[in-house]
Amino acid sequence: MIDSSFIERVRQIVGAAGVLTDAGDIDPYVRDWRGNYIGKTAVVVRPANTEEVAAVVKLCAQTHTPIVPQGGNTGMVGGGVPDTSGDAIVLSLKRMTRIREIDLANNAMTVDAGCILQTIQNAALENDRYFPLSLAAEGSCTIGGNLSTNAGGTAVLRFGNARDLVLGIEAVTPDGRIWNGLKALRKDNTGYDLKHLLMGAEGTLGIITGAVLKLYPKPQRTCTALVAVPSPRASVQLLATIRGAMGDRLTGFELMSRVCVDHVITHFPSTAEPFEQRHDWQVLVELTDTLKDAQLEDALATSLEPAFESGLAEDAVIASSESQASALWGIREHIPEAEKARGKSVKHDISVPISRIAEFIERGDAALNAAFPNAQVICFGHIGDGNLHYNLSFPGATPSVEQTHAANSIVYALLDELGGSISAEHGLGQMKRDEITRHKGEVELDMMRAIKRALDPHGIMNPGKVL
Ligand code: FAD
Ligand code: MLT
Ligand code: ZN
């Protein structure tokens, strides 16, 4: 029970600056970005360092007070906001923003969990290195949230998900102890790899307070292009063509349907229609190279020639300046905001093997258009790693619970048939906690529950999320 004496004990640990109890101050911490959840809490706790996090968790463990860890609160599945009971505290990592160490010879950076992703990206660039995790929320999401959701973003096809970019983590366990796993080793086979247990656990197995991140060579050349293609199937063939020609220089490959471009142009009037003609499908392609004189534009143009001859590509704009490149990326990155501005949609964050993604779109479109003739499929995302945001919007209306469930069932049944995932990068949170039990076998669910019971026997870590 969070009463005034509990809050006083917390205040003693984190100081007045670390405690929010005023309803107005608390409000942004209990609402998720999509506006799907409005939770309740009596107190938002904002520790300044790992020791304070540990002391607060210890107090919560003693009093069996549930904890909702929160970073930038940009999550898409309600994982970072409390339920409406008011029983939990929100523990925000946002005051923990130290970049602890940059070790250039080891290509590693040790950071606090509350560091904003963009701050980390910039710190790497200022040290002639590159931290490749990139997503449209990078200006407000935190690295702790990124690791806890194993975030994806636009560079996964080249660098992997968040968890692939980590050498070690520091965390506070549900009983309030500090686990210092901040090893900066690329090889360390000494027992279970516990960092990979906490990363992707969405705050249900402990609180990530620090991380050792891998750094990469800074790209010296970047080429950004938008290529118009006749269909998703063509985009997958184009992916193979460009990847075959450019190899690991291909660092971004994002599909966008016509509807997405129209929404962005409508809601962000400064966005220009990218081609002379309107096209139903376009792919944003990004190439990078560490060679200063790499002629990426020419190489891309050459690799596109056979694509034009065979009709795989219908048009292409290769950015000739940084501002043109960011304008092209702007179309892609504004899609979620534009979609949100048009009202609620039924959102799916799916993945299937790349070889089956065209089939998924063709069959999904046919089934959804048949079931919901007045709705619009909004299809975009990271097709380069088999991940799509495959949403259904009902122009001028909010999807009903029945429509949402019906659309989910169509999409999820197709995913099961194609060996896909109902959550490629956003996690389960509270939104998909029940759904996942219909898509995972009993063995896997039992193993996950056993781990949860072992590490968090009182169930205080982000209850109601994931499992
Ligand atoms: P929060 O939303 O605060 O929390 C997310 C989850 O992590 C919650 O379950 C929370 O309890 C837990 N958590 C947070 N911090 C910690 C911690 N230190 N220790 C333990 N658990 C913690 N996601 C993608 O993967 N790819 C995208 O391309 C992408 N694009 C996006 C675009 C927009 C415009 C928006 C709004 C979101 C997007 N997201 C994307 C979703 C979101 O940005 C990611 O899930 C991100 O990783 C969440 O980070 P956060 O700091 O906001 O975490
Ligand atoms: C993206 O790729 O833009 C995000 O995952 C956000 C979204 O799904 O809307
Ligand atoms: Zn995404």
Side-chain angles (χ1 to χ4, degrees), residues 28-29 31-35 37 47 50 53 57 66-82 88 90-94 96 111-117 133-156 161-163 169-174 198-211 252 254-256 260 264 329 332-340 345 347-351 378-383 385 387-391 423-431 433 461-466:
Y29 292 85
R31 291 170 184 271
D32 76 315
W33 183 86
R34 293 179 56 189
Y37 301 99
T50 304
V53 174
V57 173
I67 303 167
V68 177
Q70 191 181 95
N73 199 13
T74 67
M76 288 276 178
V77 288
V81 292
V90 172
L91 192 151
S92 168
L93 283 298
K94 285 189 78 169
M96 290 178 59
V111 299
D112 275 1
C115 287
I116 301 290
L117 176 55
L133 185 65
S134 178
L135 42 139
E138 60 200 20
S140 39
C141 62
T142 64
I143 193 66
N146 296 150
L147 301 189
S148 192
T149 57
N150 184 32
T154 55
V156 170
N161 286 290
R163 69 166 73 247
I169 64 169
E170 174 194 75
V172 172
T173 56
L198 268 70
M199 292 195 284
E202 302 179 59
T204 60
L205 298 180
I207 299 180
I208 296 172
T209 47
E254 298 281 315
L255 179 70
M256 297 178 269
C260 300
V264 171
W329 268 110
R332 164 60 184 88
E333 290 181 342
H334 282 135
I335 296 173
E337 292 278 352
E339 185 184 342
K340 185 178 168 186
S345 54
K347 284 172 83 90
H348 301 100
D349 160 34
I350 66 104
S351 59
I378 298 174
C379 176
F380 68 98
H382 329 285
I383 194 164
D385 24 79
N387 172 199
L388 279 178
H389 299 301
Y390 189 72
N391 306 332
S423 187
E425 56 177 11
H426 295 161
L428 301 173
Q430 52 183 302
M431 176 179 274
R433 178 201 58 196
M461 274 297 159
N462 221 358
K465 315 300 174 43
V466 181

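Numbering starts at 1 and runs along the sequence shown. Note: hydrogens, waters and symmetry copies are ignored here, and every other heavy atom, side chains too, is used. Atoms within a ligand are numbered from 1 in the order they appear, just like the ligands themselves.
- The nearest heavy-atom contact from the protein to atom 39 (N) of ligand 1 is Leu135 CD1, 4.0 Å.
- For ligand 1, the atoms closer than 4.0 angstrom to any heavy atom of Gly203 are 20 (C), 21 (N).
- When only interatomic distances are considered, the shortest N/O to N/O separation between Gly75 and ligand 1 falls below 3.5 Å.
- Closest heavy-atom approach to atom 16 (C) of ligand 1 within the set Gly139, Cys115, Gly144, Ala424: this belongs to Gly144.
- Using a 4.5 Å heavy-atom threshold, the side chains of Trp33 and Pro336 count as touching.
- Counting protein heavy atoms only, atom 42 (C) of ligand 1 is closest to Thr74 OG1, 3.2 Å.
- For atom 27 (C) of ligand 1, the nearest protein heavy atom (residue, atom name, distance) is Glu425 OE2, 3.4 Å.
- With hydrogens and angles disregarded, a donor-acceptor distance shorter than 3.5 Å links the side chain of Asn73 to the backbone of Pro28.
- When all heavy atoms are compared, the tightest approach of Asn146 to Cys141 is ND2-SG, 3.4 Å.
- Of all the heavy atoms in Glu202 and Val77, the pair that sits closest is OE1-CG2, 4.0 Å.
- For atom 23 (N) of ligand 1, the closest heavy atom belonging to the protein is His426 CD2, 3.5 Å.
- Between Gln70 and ligand 1, a contact under 3.5 Å exists for no N or O pair.
- Geometrically, ligand 1 and Trp33 share no nitrogen or oxygen pair separated by less than 3.5 Å.
- Of the listed residues (Cys141, Ala211, Ala137), the one carrying the non-hydrogen atom nearest atom 31 (C) of ligand 1 is Ala137.
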Between ligand 2 and the protein, find all N/O pairs closer than 3.5 Å and give the distance for each.
residue	atom	partner	partner atom	Å
ligand 2	2 (O)	Arg332	NH2	2.6
ligand 2	2 (O)	His382	NE2	3.1
ligand 2	2 (O)	His389	NE2	3.0
ligand 2	3 (O)	Arg332	NH1	3.2
ligand 2	3 (O)	Arg332	NH2	3.3
ligand 2	5 (O)	His389	NE2	2.9
ligand 2	5 (O)	Glu425	OE2	2.9
ligand 2	5 (O)	His426	NE2	2.7
ligand 2	8 (O)	His389	ND1	3.2
ligand 2	9 (O)	Lys347	NZ	2.8

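- Here the side chain of Thr209 pairs a donor or acceptor atom with the backbone of Glu170 at under 3.5 angstrom.
- Note: an N/O pair closer than 3.5 Å links Gly79 and ligand 1 by distance alone.
- A pairwise comparison of heavy atoms in Ala151 and Leu135 identifies CB-CD2, 4.1 Å as the closest pair.
- Not one N or O on the side chain of Lys340 forms a donor-acceptor pair closer than 3.5 Å with the backbone of Gly35.
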Give the C-alpha distance, both sets of side-chain angles, the deciding distance and a yes or no for side chain to side chain contact (heavy atoms under 4.5 Å, CB included) between Val81 and Gln70. CA-CA 7 Å; Val81 292; Gln70 191 181 95; 4.1 Å; yes
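- Distance alone, capped at 3.5 Å, places no donor-acceptor pair between the Glu425 side chain and the Asp349 backbone.
- Checking only distances, Ile208 does come within under 3.5 Å of ligand 1, N or O to N or O.
- In the vicinity of Leu93, heavy-atom distances shorter than 4.0 Å reach the ligand 1 atoms 18 (N).
- A donor and an acceptor atom, one from each side chain of His389 and Glu339, are nowhere located under 3.5 Å apart.
- What sits closest to atom 45 (O) of ligand 1 on the protein, heavy atoms only, is Thr149 OG1, 3.5 Å.
- Within the sub-2.8 Å shell of the Zn ion (ligand 3), the protein contributes these N/O/S atoms: His382 NE2, His389 NE2, Glu425 OE2.
- Under the 4.5 Å side-chain criterion, counting only non-hydrogen atoms from C-beta, Met461 is in contact with Val57.
- Remark: the backbone N or O of Gly153 is paired with a side-chain donor or acceptor of His382 at under 3.5 angstrom.
- The shortest side-chain heavy-atom distance between Thr142 and Leu93 does not fall under the 4.5 Å cut-off.
- If you check each of Gly145, Ala155, Ala136 against atom 15 (N) of ligand 1, the one with the closest non-hydrogen atom is Gly145.
- Nearest heavy atom pair, residue Ser351 against residue Ala424, reads CB-CB, 3.6 Å.
- Across the listed options Pro82, Gly80, Ser148, Gly71, Ser148 owns the non-hydrogen atom lying nearest to atom 20 (C) of ligand 1.
- Checked against a 3.5 angstrom limit, the closest N/O atoms of Pro69 and ligand 1 fall inside it.
- Distances between N or O atoms of Ala151 and those of ligand 1 include no value under 3.5 Å.
- Remark: among candidates Met76, Arg332, Glu138, Met199, the nearest residue to atom 35 (C) of ligand 1 is Met76, based on non-hydrogen atoms.
- For ligand 1, the polar-atom distance check finds an N/O of Asn73 within less than 3.5 Å of one of the ligand's N/O atoms.
- The OG1 atom of Thr74 sits 11.0 Å away from the CD atom of Glu138 when rounded to the nearest 0.5 Å.
- The two atoms that bring Ile350 and Asn387 nearest to each other are O-ND2, 2.9 Å, heavy atoms only.
- No donor-acceptor pair closer than 3.5 Å links the side chain of Asn391 to the backbone N or O of Ile378.
- Counting atoms of ligand 1 from 1 in the listed order, those under 4.0 Å from a heavy atom of Gly152 are 24 (C), 25 (O), 26 (N).
- For the pair Gly153 and ligand 1, the shortest N or O to N or O distance falls below 3.5 Å.
- Residues Gly203 and Ser148 share a closest heavy-atom pair of N-OG, 3.0 Å.
- The N/O atoms of Glu337, backbone and side chain alike, include none that comes under 3.5 Å of an N/O atom in ligand 1.
- A donor-acceptor pair under 3.5 Å links the side-chain atoms of Asn462 to the main chain of Gly79, judged by distance alone.
- For His382, the closest heavy-atom approach to ligand 1 falls below 4.0 Å.
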Does Glu254 form a salt bridge (charged side-chain N to carboxylate O under 4.0 Å, His left out) with Arg332? I'd like the steps, not just the answer. CA-CA 8 Å; Glu254 298 281 315; Arg332 164 60 184 88; 2.7 Å; yes
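- Contacts between Asn462 and ligand 1 below 4.0 angstrom, taking non-hydrogen atoms only, involve the side chain exclusively.
- For atom 46 (C) of ligand 1, the closest non-hydrogen atom on the protein side is Asn146 ND2, 3.5 Å.
- Residue contact check for ligand 1: Gly206 places a non-hydrogen atom closer than 4.0 Å to it.
- Of the protein's non-hydrogen atoms, the one nearest atom 50 (P) of ligand 1 is Gly72 N, 3.4 Å.
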